[in-house]
2 protein chains.
Amino acid sequence: MRKESPRWLGILKKMKEKGYRLTPQRLAVAKIVSESQEHPNAQRIYERIRNDFPGLSLATIYKIMAVLKDLGEVMELSVGVGGSRYDGARPYPHPHLICTGCQRIWDPEIPMLEDLPRKLAQKTGFQIHRHRLDFFGLCPRCQRRHSWRNEE
Amino acid sequence: MRKESPRWLGILKKMKEKGYRLTPQRLAVAKIVSESQEHPNAQRIYERIRNDFPGLSLATIYKIMAVLKDLGEVMELSVGVGGSRYDGARPYPHPHLICTGCQRIWDPEIPMLEDLPRKLAQKTGFQIHRHRLDFFGLCPRCQRRHSWRNEE
DNA sequence: TTTTCTGCAAATGCTTTGCATGGGA
DNA sequence: TCCCATGCAAAGCATTTGCAGAAAA
């Protein structure tokens with residue numbers, strides 16, 4: 001059983017193939033988003049990179065995210081507050097479970113939805129490129145916190 | 001077979017019950033969003049109301065939408081461009097088919113998804129309040145337009 | 001050497017807020 | 001009359017853009 005090679009290696013390869021230049025900034029961002037399980041937003045990526053990479057600007061993060069989206073290596077999710085979140089660990093459509101208390105995001109396993117886009121395309125004549133299925137609510141922890149407070 | 005009473009009548013009733021005041025502006029917005037099938041954004045509502053209601057400001061539209069959301073009489077959808085869109089005709093979770101060419105939105109019929117939120121809540125311990133299921137792609141018309149252009 | 005990328009600051013687009021005035025109840 | 005709602009302008013926030021200098025290839 002061999003250790004899989006890290007995802008960001010494949011990302012670098014794709015970058016070269018598509019004619020993008022390899023820069024330390026892109027390498028650093030690719031590493032972080034491909035390995036993170038926390039669905040970070042731009043600001044969060046910025047903070048995590050600052051540690052060992054001062055002098056990288058937020059505008060550059062956005063530019064790099066555009067490249068990674070173009071490569072199909074990250075997916076952008078909008079949760080309504082705090083800006084777009086990025087999923088670089090699973091950059092393909094899949095359901096999300098979003099806590100409106102702590103803004104954390106989970107990836108639940110839901111089978112049976114695989115051929116829904118295809119069936120819908122057939123029925124409507126649409127050409128479907130992507131979809132999203134998101135559930136909003138309170139995670140178990142926030143249910144406890146909120147039971148004696150009074151917000152949503 | 002009787003004609004159903006217009007939705008906005010029920011909205012007015014709810015407003016009174018919740019202690020909101022009845023103003024001409026609120027009445028006009030409630031009418032438009034409850035009868036529109038086009039999932040308008042704030043700007044669009046603003047334009048449609050201007051016709052016979054000049055002097056209503058965009059800021060007020062937003063304030064009124066907050067009231068209607070609080071009443072559960074509109075649902076806000078985010079499609080990524082052009083700001084939030086509002087569904088006042090079917091203000092409950094249901095799938096959307098969103099054309100990334102013309103930004104129009106359809107409401108396809110998809111059965112069988114009803115108890116998915118409940119099952120997921122059971123499995124994960126989440127308290128699920130709402131969900132969204134959106135499909136992005138090109139409508140038949142935009143497929144034709146785009147076949148000789150070169151955008152997405 | 002050429003061309004792309006970065007980093008800063010300014011601009012953008014949507015939405016919200018503060019506050020004085022107007023208008024429901 | 002008493003507050004709440006409106007309308008304007010300004011502020012807010014996430015994201016994008018323009019451009020000069022830095023750095024890949």
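Chain letters run A, B, ... following the sequence lines, proteins first, then strands; residues in each count from 1. Below, each value reflects all heavy atoms present in this structure, side chains not excepted, and no hydrogens, waters or symmetry copies.
By the side-chain hydrogen bond (donor to acceptor under 3.5 Å, both in side chains) test, A:Q25 pairs with no residue at all, sequence neighbours left out. A search for ring-ring contact (aromatic ring centres under 6.0 Å, His included) contacts involving A:F135 returns B:H131, not counting sequence neighbours. Evaluation of the salt bridge (charged side-chain N to carboxylate O under 4.0 Å, His left out) rule for A:R90 yields A:D107 as partners, not counting sequence neighbours. Residues passing the side-chain hydrogen bond (donor to acceptor under 3.5 Å, both in side chains) test with B:R44 are B:E38, sequence neighbours excluded. By the salt bridge (charged side-chain N to carboxylate O under 4.0 Å, His left out) test, B:K18 pairs with B:D70, sequence neighbours left out.
Between A:M65 and A:L68 there is a side-chain heavy-atom pair separated by less than 4.5 Å. A:Y86 is not listed as a side-chain neighbour of A:L77, based on a closest heavy-atom distance of 4.5 Å or more. In this structure the side chain of A:R104 reaches within 4.5 angstrom of the side chain of A:R141, judged on heavy atoms. At least one side-chain heavy atom of A:H129 sits under 4.5 Å from a side-chain heavy atom of B:L138. The shortest distance between side-chain heavy atoms of A:R85 and A:Q103 falls below 4.5 Å. For the pair B:K31 and B:R7, the minimum side-chain heavy-atom distance is 4.5 Å or more.
Within residues 8-22 of chain B, the residues that place at least one heavy atom under 4.0 Å from DNA chain D are, in residue-number order, B:Y20, B:R21. Residues from residues 49-56 of chain B lying near DNA chain D, meaning a heavy-atom separation below 4.0 Å, are B:G55, B:L56 in numerical order. Within residues 23-32 of chain A, the residues that place at least one heavy atom under 4.0 Å from DNA chain D are, in residue-number order, A:P24.
The closest donor-acceptor contact from the side chain of A:T60 to the backbone of A:L56 lies at 3.5 Å or more, if one exists at all.
The shortest non-hydrogen separation linking A:F136 to A:V79 is CE2-O, 4.0 Å. Closest approach of B:G72 and B:P91 over heavy atoms only: O-CB, 3.7 Å. Here the closest non-hydrogen pair linking B:L22 and B:L12 is CD1-O, 4.0 Å.
Taking the C1' atoms of five terminal pairs at each end of the helix from C:dT1-D:dA25 to C:dA25-D:dT1, the two resulting helix axes are inclined by 30°, rounded to 10°.
Think of the region where chain B sits on DNA chain D: with heavy atoms and a 4.0 Å cut, that region ends 5' and 3' at D:dC3 to D:dA9.
Screening residues 27-84 of chain A for ring pair (Phe, Tyr, Trp, His ring centres under 6.0 Å) gives A:H39-A:H96 as the qualifying pairs, with residues at least two apart or on separate chains.
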Fill in: Protein-to-nucleotide contact annotation, 5' to 3' order, nucleotides 11-20 of chain C [B base; S sugar-phosphate only; - none; under 4.0 Å, heavy atom]
---SSBBB--
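To the nearest 0.5 angstrom, A:S78 atom OG is 7.5 Å from A:D134 atom CG.
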